[in-house]
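The next block holds one structure in the form of structure tokens; read it before the comments.
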Amino acid sequence: VLRVARNGREALAVIHTFTEPLTQAITVPLPDGNWRVAGCFHAAEQEPMICGGRLIVPLSGEFRASVVHLVRGSSPKPR
């Protein structure tokens with residue numbers, strides 16, 4: 001499930017697996033824009049990433065879940 005905030009600047013993705021058949025990753029198409037992962041609660045070794053306008057969430061195994069907070073816009077400024 002992907003929900004975009006009313007202002008269009010943030011989104012929250014909730015992704016989970018159940019039982020077989022399983023995949024190596026779940027791919028979620030994103031609305032147009034420059035999205036980045038701002039944070040996540042993730043049940044896998046690899047972190048979610050964005051590639052080609054899609055959120056890619058590596059989830060292997062039964063009954064796994066990930067919640068990903070996305071932000072649209074420029075990258076944060078280095079400190």
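Since we're looking at a predicted model, the values are computed, not measured. Sequential numbering from 1 along the given sequence is applied to the chain's residues.
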Next on the checklist: Can you give me the closest heavy-atom contact between P29 and L2, atom names plus distance?
Outcome noted: O-CD2, 3.8 Å
Checklist entry - Can you check whether V4 reaches L12 side chain to side chain, under 4.5 Å on heavy atoms? => result no
Checklist entry - Looking at CZ of R3 and CD of E10, how far apart are the two atoms once the value is rounded to the nearest 0.5 Å? => result 16.0 Å
Next on the checklist: Quick one, H16 with R64, criterion side-chain contact (heavy atoms from CB on, under 4.5 Å). Give me CA distance, side-chain angles, the key distance, then yes/no.
Outcome noted: CA-CA 5 Å; H16 48 84; R64 302 289 179 137; over 6 Å; no
Checklist outcome for this item: Closest non-hydrogen contact found for T19 with F63 is CG2-CZ, 3.4 Å
Checklist entry - For the side chain of S66 and the backbone of I15, is there at least one donor-acceptor N/O pair under 3.5 Å apart? => result no
Checklist entry - Where do V68 and L55 land on the side-chain contact (heavy atoms from CB on, under 4.5 Å) test, with the steps shown first? => result CA-CA 9 Å; V68 184; L55 173 65; 4.3 Å; yes
Next on the checklist: Let me confirm one number: the CE-CZ distance from M49 to R54, rounded to the nearest 0.5 Å.
Outcome noted: 14.0 Å
Item to check | Heavy-atom donor-acceptor pair, N34 side chain to R72 backbone, under 3.5 Å | outcome: no
Item to check | Atom CG of D32: over 12 foreign heavy atoms under 6.0 Å | outcome: no
Checklist entry - Are L70 and I56 co-members of a hydrophobic cluster defined by side-chain heavy atoms under 4.5 Å apart? => result no
Checklist outcome for this item: For G8 and W35, the nearest pair of non-hydrogen atoms, with its separation, is O-CH2, 3.8 Å
Checklist entry - Looking only at side chains, do E47 and H42 share a donor and an acceptor under 3.5 Å apart? => result no
Item to check | Nearest heavy atoms of P48 and V57, plus distance in Å | outcome: CB-CG2, 4.2 Å
Item to check | Residues, nucleotides or ligands: over 12 heavy atoms within 6.0 Å of Q24 CD | outcome: no
Checklist outcome for this item: Correct closest heavy-atom pair for I50 and V37 would be CD1-N, 4.0 Å
